[in-house]
Novice: 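I am attaching a structure below and will ask some questions about it afterwards.
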2 protein chains.
Amino acid sequence: MDLNERKLKILQAIIHDFVTTAEPVGSRTLSKKYELGVSPATIRNEMSDLEDMGYLTHPHTSAGRVPSQKAYRLYVNDLMSKYEIPQAEKNAIADELYSNITELDQTIEHAAKILSDITNLTSFAMTPKKDQDVLKFINLLPVDEKTIVLMIVSESGKVSNMTLKLRQGYDEESLSVLSKNMTYAYKGKTISEALTLDIVDTVHNDVSAMNTLKNSVMPSFMKTLEDMLNVNLYMDGLTNIFSIPEYNDIDRAKMFMELIDKKEDFTKTLIQRDDGLLITIGTENDDESMKECSMITATYHVDGKLVGKLGVIGPTRMKYSEISSVIEFLTDNLSNAYRLTGGDDDDDY
Amino acid sequence: MDLNERKLKILQAIIHDFVTTAEPVGSRTLSKKYELGVSPATIRNEMSDLEDMGYLTHPHTSAGRVPSQKAYRLYVNDLMSKYEIPQAEKNAIADELYSNITELDQTIEHAAKILSDITNLTSFAMTPKKDQDVLKFINLLPVDEKTIVLMIVSESGKVSNMTLKLRQGYDEESLSVLSKNMTYAYKGKTISEALTLDIVDTVHNDVSAMNTLKNSVMPSFMKTLEDMLNVNLYMDGLTNIFSIPEYNDIDRAKMFMELIDKKEDFTKTLIQRDDGLLITIGTENDDESMKECSMITATYHVDGKLVGKLGVIGPTRMKYSEISSVIEFLTDNLSNAYRLTGGDDDDDY
DNA sequence: TGTTAGCACTCACTTAATCAGAGTGCTAAC
DNA sequence: GTTAGCACTCTGATTAAGTGAGTGCTAACA
């Protein structure tokens with residue numbers, strides 16, 4: 001029994017119908033709605049074959065057929081045609097995306113919102129991993145008697161700072177020298193590298209006062225570096241799931257919410273995913289609680305290097321083609337906006 | 001018909017029972033569970049009176065009674081005794097709160113988590129309003145040829161910055177002078193005041209190069225000031241509502257989620273609330289979609305000045321006494337931790 | 001040999017009916 | 001004023017019957 005053209009056509013029709021209606025699709029409906037050129041009886045025979053081959057399932061004897069995970073995978077790999085976003089919609093999305101492009105984080109958050117609005121699913125967007133971000137300089141600024149501000153600037157334009165309360169006073173001269181020493185020691189290192197550097201060897205000096213100062217500053221410096229590595233995860237469209245028939249059951253809705261609510265776990269899952277456009281269906285997801293969900297993600301780049309992710313999660317029944325296109329369009333635009341300069345230019349779209 | 005002592009006792013028992021069981025409470029249950037010293041029949045008569053007076057309602061003829069909003073208000077105002085948190089629990093909460101006290105934002109987020117864990121409700125915590133925060137100094141730092149970092153430090157220890165890409169180069173001398181001028185002009189002003197200052201009058205100079213520089217910097221400066229005014233709202237325990245009988249219905253759950261999901265509106269509602277411990281029950285909440293919820297909030301202070309808020313939202317049936325105590329305990333501890341120094345001391349608890 | 005019409009059969013879902021249980025409200029006695 | 005007794009009400013659970021969408025098989029047809 002092979003997957004001839006008619007079977008594929010029928011399977012595609014079933015997927016299309018089920019994705020839009022969320023109802024198991026029967027042979028009569030199929031023959032009425034789609035131009036298949038054969039009678040319901042014939043379709044029934046083919047459907048029966050498709051079920052034997054594992055592409056369809058049967059909720060119960062007298063219900064229509066539902067595509068299996070295997071069917072979706074076949075569809076995504078071979079059957080699905082690339083969805084071309086209408087130019088008008090492209091413009092609308094781009095306008096919306098660029099309407100508020102100041103800080104990277106805000107833009108990313110905004111992108112998630114746009115994505116959930118378009119797809120009516122739950123969307124998420126992760127700020128870039130910064131482990132490969134390169135340190136540019138370190139500055140220690142006097143604030144008052146016992147307070148200084150530690151500031152770390154990286155190549156990507158990211159500025160992190162921390163206010164430090166010292167146990168004792170300091171002199172500005174030492175502060176300035178320490179800044180220079182630290183910059184000298186860490187400049188050009190990635191954050192990951194900086195975190196593993198042995199401090200004692202790199203920032204050395206003899207003056208005792210400065211040594212004290214250094215000792216107060218270093219732990220905060222390390223802490224700030226660690227903070228810089230944290231990625232932010234923005235989510236949007238959480239309430240969209242209440243409009244999805246699959247989650248009309250309170251227990252399922254709860255399970256979904258709990259999955260989403262554990263942001264840290266979810267971020268980890270996200271980080272581990274391969275780069276590029278990636279569609280995972282049902283049990284293809286590692287996470288047990290996601291075995292009835294599908295996830296589509298894509299990566300965007302900042303300065304052509306740092307990598308962030310963007311995507312949606314929903315029931316396996318989703319419009320893979322449309323959604324993939326939208327996600328790719330968004331990541332392309334993000335990468336473009338943050339190509340070199342950091343996104344303050346508004347003349348490159 | 002007056003609210004004699006027995007009526008109050010019965011009302012209190014009904015509230016207590018309903019708050020814990022979520023089931024309408026009948027006269028027999030009441031007489032069995034509570035030492036009221038009278039028969040169910042008598043209780044029935046009193047209940048009937050209480051209903052006439054508007055303190056109880058009747059879901060249907062043959063159901064038990066349910067406290068009305070008026071009853072909860074009476075309870076909160078007059079009947080409720082102050083709940084003393086057991087010392088062991090106090091210690092546990094304090095330990096948990098102080099276990100991770102670095103940045104204010106993180107602590108606030110953590111406080112929300114603690115609160116939702118204890119109350120099994122949805123909690124929220126707002127970072128302080130910064131409009132009364134006073135500017136301390138402004139710094140412009142050279143990064144590279146056409147890039148500078150704008151940095152604003154305020155009295156509260158808050159440091160904000162923005163990376164600026166200039167259209168043309170600059171010289172460090174001008175940058176330094178401009179920093180000093182701006183600091184001179186804005187130091188001691190609150191953020192609100194700074195935003196209304198007329199720039200032209202305050203930062204004046206003749207050198208054309210510097211003028212250009214100033215013109216590039218000022219919009220970003222204003223933007224950064226505005227950003228500083230934004231408060232963050234952290235929420236936690238969203239999925240808790242799925243365990244609450246009142247929200248066992250998918251539509252109610254959805255309504256609740258949508259209410260919560262509109263973070264901006266919710267933040268506004270929160271900002272408008274009076275300071276101090278505040279309990280609003282049902283229709284006492286301005287928001288239409290909250291007319292079946294109660295909200296308890298309290299304020300904490302940073303440096304004895306800046307004001308943030310913390311609280312829970314849930315069904316009108318909640319443990320007002322316990323929850324109020326926990327919220328007060330948390331805000332007291334927060335205010336204490338950020339009394340003067342900014343929370344880096346870990347020796348004041 | 002593939003396709004189709006016809007028909008019996010299955011199963012979920014809906015509506016109606018019955019029943020048990022919890023609770024009230026009234027009355028009359030204490 | 002309090003209480004026991006009892007009829008009455010209403011909900012929620014359970015059961016039964018009916019409906020309809022859909023399948024799967026068989027036999028006829030091209």
Side-chain angles (χ1 to χ4, degrees), chain A residues 1-11 13-15 17-18 20-68 245-246 248-250, chain B residues 1-11 13-15 17-18 20-68 245-246 248-250:
Chain A
M1 189 155 45
D2 71 330
L3 214 49
N4 60 30
E5 197 160 336
R6 193 170 67 189
K7 279 198 176 61
L8 287 176
K9 215 169 152 188
I10 290 174
L11 185 57
I14 292 173
I15 292 175
D17 207 68
F18 183 68
T20 37
T21 66
E23 296 292 334
V25 16
S27 54
R28 257 173 61 85
T29 328
L30 216 53
S31 83
K32 259 188 288 179
K33 276 209 213 166
Y34 300 84
E35 303 282 328
L36 295 166
V38 285
S39 75
T42 310
I43 296 175
R44 276 205 289 284
N45 289 332
E46 297 286 38
M47 280 166 121
S48 181
D49 289 352
L50 284 167
E51 182 162 356
D52 289 343
M53 295 163 87
Y55 291 106
L56 295 177
T57 54
H58 231 172
H60 56 88
T61 329
S62 68
R65 297 310 209 292
V66 168
S68 68
E246 275 86 343
N248 230 321
D249 171 50
I250 198 99
Chain B
M1 188 154 49
D2 71 330
L3 214 49
N4 59 32
E5 198 160 334
R6 193 170 68 189
K7 280 196 174 62
L8 286 177
K9 214 169 154 189
I10 290 175
L11 185 57
I14 293 174
I15 292 176
D17 207 69
F18 184 68
T20 37
T21 66
E23 296 292 333
V25 17
S27 55
R28 257 174 59 85
T29 328
L30 216 54
S31 83
K32 259 188 288 180
K33 276 208 211 165
Y34 300 84
E35 302 283 329
L36 295 167
V38 284
S39 76
T42 309
I43 296 175
R44 276 206 289 285
N45 289 333
E46 296 286 39
M47 279 166 123
S48 181
D49 288 353
L50 284 166
E51 183 162 356
D52 289 344
M53 295 163 85
Y55 291 106
L56 295 176
T57 55
H58 230 171
H60 57 86
T61 330
S62 69
R65 298 309 210 290
V66 167
S68 67
E246 274 87 342
N248 229 322
D249 170 49
I250 198 98

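Note on naming: letters A, B, ... go to the chains in the order of the sequence lines (proteins, then strands), and numbering restarts at 1 for each one.
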Novice: Let me confirm one number: the CD-CG distance from Glu23(B) to Asp17(B), rounded to the nearest 0.5 Å.
Specialist: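 Reported to 0.5 Å precision, the distance equals 9.5 Å.
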Novice: Using a heavy-atom cut-off of under 4.0 Å over every strand shown, decide if Ala41(A) touches base, sugar-phosphate, or nothing.
Specialist: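 Here Ala41(A) touches the bases of the nucleic acid.
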Novice: Kindly indicate whether the side chain of Ser39(A), heavy atoms from C-beta on, has any atom under 4.5 Å from the side chain of Thr42(A).
Specialist: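 Heavy-atom side-chain distance check passes, below 4.5 Å.
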Novice: Rounded to whole angstrom units, what separation is found between the NE2 atom of His60(B) and the P atom of dG21(C)?
Specialist: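 Checked: the NE2 to P distance equals 16 Å.
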Novice: For the atom pair CD (Glu46(B)) and CZ (Arg65(B)), what is the distance rounded to the nearest 0.5 Å?
Specialist: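 Answer rounded to 0.5 Å: 11.5 Å.
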Novice: Who passes ring-ring contact (aromatic ring centres under 6.0 Å, His included) against Phe18(A), sequence neighbours left out?
Specialist: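 Listed in chain order: nothing, the list is empty.
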Novice: Quick one: stems for DNA chain C, with Watson-Crick or G-U pairs under 3.5 Å, at least three in a row?
Specialist: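 Looking at DNA chain C, the stems formed by three or more consecutive pairs are C:1-30 with D:1-30.
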Novice: What is the distance from CD of Glu46(A) to C1' of dT1(C), rounded to the nearest Å?
Specialist: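 After rounding, the reported distance stands at 14 Å.
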Novice: At the 4.0 Å heavy-atom cut-off to chain B, mark where contacts on DNA chain D begin and end, going 5' to 3'.
Specialist: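 Terminal contacting nucleotides, 5' to 3': dT2(D) to dT11(D).
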Novice: What is the distance from atom CG of Leu8(A) to atom CG of Leu3(A), rounded to the nearest 0.5 Å?
Specialist: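 Reported value, rounded in 0.5 Å steps: 4.5 Å.
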Novice: Both Thr61(B) and Pro40(B) contact DNA chain D. Taking the nearest nucleotide for each, which residue is further toward the 5' end?
Specialist: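 With Thr61(B) and Pro40(B) compared, the 5'-side residue is Pro40(B).
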Novice: Give the rounded distance in Å between these two atoms: NZ of Lys33(B) and P of dG23(C).
Specialist: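 In whole Å, dG23(C) P lies 10 Å from Lys33(B) NZ.
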Novice: Going from CD on Glu35(B) to NZ on Lys9(B), what distance comes out if it is rounded to the nearest 0.5 angstrom?
Specialist: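 Atom-to-atom, Glu35(B):CD and Lys9(B):NZ are 8.5 Å apart.
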Novice: To the nearest 0.5 angstrom, please state how far the CZ atom of Arg6(B) sits from the CG atom of Asn45(B).
Specialist: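 Taking CZ in Arg6(B) and CG in Asn45(B), the distance rounds to 8.5 Å.
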Novice: Please round to the nearest 0.5 Å and tell me the distance separating atom CG of Leu50(B) and atom CD1 of Ile10(B).
Specialist: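 Those atoms lie 7.0 Å apart.
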Novice: Report the distance from atom CD1 of Ile43(B) to atom P of dA22(C), rounded to the nearest whole Å.
Specialist: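 Spelled out: CD1 on Ile43(B) to P on dA22(C) is 17 Å.
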Novice: What is the distance, to the nearest angstrom, from the CG atom on Leu36(A) to the C1' atom on dT4(C)?
Specialist: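 It works out to 15 Å between those atoms.
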